[in-house]
Colleague: 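I am attaching a structure below and will ask some questions about it afterwards.
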Amino acid sequence: MDWNELRQEWREQAPAARLLAVEEIRALDGSLWKQVRRRDLIETVAGIAVAGIFGVGALRGMLAGEWVAAAFGLLVAVWGASLPFQLKRSRPAHRDIAHGAPVLAYLRGQRDAALAQARMLERVWLWYLTPPGIGLVGLTLATDGPTPGALGYIAAVLLLYGGLAWLNRHVARTQFRAHADALQRQIEALEGDGG
């Protein structure tokens, strides 16, 4: 089903319902998923780079007998290597319109995909910030000890992480949950008219 067929079916299913224009939903949907693809690509490249850099550092630490520093470096490396898989898991397997899919099924799928992205962003502190945070704090303390410079670095990292957590929750609420709410209103309007 292409957008023209979707638009026609939409008109046939609920001519009296107050709906957003299909072009408006299409544009918003396309924009959001383009942002997700771009974000995931950047995060994947960064995750692979982090895995390589900290993996080499962990190997050097093991060879030097610095086991604590090596363990914390390995934690960050494993997190970086797993990042692309975590991002992929949060994306819907097939977000595009399935051939012949009913309008309601399409809208529900898009709503569910937007909610999955929102939940992922709201829990960013758990899967995205905590593992490398523990690794960086442990690595810093293992290599430098609790010096004023090391403690200042740790404080700066924690402040940055707090800002990232807030920003991700804000994006989840203002973009993905707002989009899911708009889709839910469309669904309710269609269901109310027997769509």
Side-chain angles (χ1 to χ4, degrees), residues 25 27-61 66 68-93 95 109-184:
I25 287 184
L28 180 57
D29 209 45
S31 172
L32 281 176
W33 295 110
K34 184 178 179 181
Q35 290 174 17
V36 168
R37 286 189 303 275
R38 184 175 48 241
R39 177 208 64 203
D40 287 358
L41 177 63
I42 291 168
E43 293 291 343
T44 296
V45 170
I48 292 168
V50 164
I53 292 167
F54 281 88
V56 168
L59 182 60
R60 286 183 181 166
E66 298 170 353
V68 175
F72 283 116
L74 188 59
L75 172 65
V76 177
V78 169
W79 167 82
S82 71
L83 187 59
F85 301 104
Q86 292 176 15
L87 293 169
K88 182 172 177 22
R89 188 178 55 198
S90 72
R91 288 190 310 262
R95 199 195 53 72
Q110 296 298 82
R111 177 203 57 205
D112 293 346
L115 289 173
Q117 286 293 314
R119 283 189 295 274
M120 181 192 73
L121 293 175
E122 290 164 349
R123 294 183 8 228
V124 75
W125 61 271
L126 180 63
W127 65 273
Y128 187 83
L129 299 174
T130 298
I134 291 170
L136 290 175
V137 168
L139 187 58
T140 301
L141 292 176
T143 56
D144 298 341
T147 64
L151 295 176
Y153 171 74
I154 291 169
V157 166
L158 294 177
L159 186 63
L160 174 66
Y161 278 17
L164 287 173
W166 177 86
L167 180 62
N168 278 276
R169 289 183 65 82
H170 176 73
V171 168
R173 185 181 69 251
T174 60
Q175 291 185 15
F176 291 100
R177 287 210 180 268
H179 184 56
D181 290 345
L183 291 170
Q184 181 61 35

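Values below: every heavy atom of this structure, side chains too, minus hydrogens, waters and symmetry copies. Quantities reported herein were computed from a predicted structural model and do not represent experimental measurements.
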Colleague: Find out whether Val124 and Leu164 are in side-chain contact, i.e. whether some heavy atom of one side chain is under 4.5 Å from a heavy atom of the other.
Modeller: no
Colleague: For a side chain to side chain donor-acceptor pair (under 3.5 Å) check, start with the C-alpha distance between Arg177 and Gln117, then their side-chain angles and the critical distance, and finish with the verdict.
Modeller: CA-CA 9 Å; Arg177 287 210 180 268; Gln117 286 293 314; over 6 Å; no
Colleague: Roughly how far, to the nearest 0.5 Å, is CG of Leu121 from CZ of Arg173?
Modeller: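 Reported to 0.5 Å precision, the distance equals 12.0 Å.
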Colleague: How about CZ on Arg60, more than 12 heavy atoms from neighbouring residues, nucleotides or ligands closer than 6.0 Å, or not?
Modeller: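 At most 12 heavy atoms, drawn from other residues, nucleotides or ligands, come within 6.0 Å of this atom.
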Colleague: Taking all non-hydrogen atoms of both residues, which atom of Phe72 and which atom of Ile134 are closest, and how far apart?
Modeller: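 Residues Phe72 and Ile134, closest heavy atoms: CD2-O, 3.7 Å.
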Colleague: Can you tell if the side chain of Glu122 reaches within under 4.5 Å of the side chain of Asn168, non-hydrogen atoms only?
Modeller: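 Contact flag for Glu122/Asn168 side chains = no.
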Colleague: Does some side-chain heavy atom of Asp144 sit less than 4.5 Å from a side-chain heavy atom of Tyr153?
Modeller: no
Colleague: Is atom CZ of Arg169 surrounded by more than 12 heavy atoms (other residues, nucleotides or ligands) closer than 6.0 Å?
Modeller: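 12 or below, so no.
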Colleague: Which pair of non-hydrogen atoms, one from Pro146 and one from Leu151, has the smallest distance, and what is that distance?
Modeller: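 Smallest interatomic distance, heavy atoms only, reads O-CD1, 3.9 Å.
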Colleague: Count the heavy atoms belonging to other residues, nucleotides or ligands that lie under 6.0 Å from CH2 of Trp127, then report whether that count exceeds 12.
Modeller: yes
Colleague: Just wondering, do Val36 and Phe176 contact through their side chains at under 4.5 Å, heavy atoms?
Modeller: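 Side-chain contact under 4.5 Å: yes.
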Colleague: Please examine the side chains of Val50 and Val76, heavy atoms only from C-beta on, and report whether any two atoms are closer than 4.5 Å.
Modeller: yes
Colleague: Answer whether the closest heavy-atom distance between the side chains of Pro132 and Tyr161 falls below 4.5 Å.
Modeller: yes
Colleague: Of all the heavy-atom pairs spanning Ala51 and Gly80, show the shortest one and how long it is.
Modeller: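 What the structure gives for the nearest pair is CB-C, 4.0 Å.
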Colleague: Taking the side chain as C-beta and beyond, is there a heavy-atom pair between Leu115 and Arg119 under 4.5 Å?
Modeller: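 In contact.
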Colleague: Can you tell me how far apart CD1 (Ile42) and CZ (Arg39) are? Round to the nearest 0.5 Å.
Modeller: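 Rounded to the nearest 0.5 Å, the CD1-CZ separation comes to 10.0 Å.
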Colleague: So, for Tyr128 and Trp79, is the gap between ring centers shorter than 6.0 Å?
Modeller: yes
Colleague: Please check if the side chain of Thr143 supplies one atom and the backbone of Leu139 the other of a donor-acceptor pair under 3.5 Å.
Modeller: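 Yes; judged by distance alone, with no hydrogens or angles, the pair exists.
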Colleague: Does the side chain of Arg111 come within less than 4.5 Å of His179's, by heavy atoms?
Modeller: no
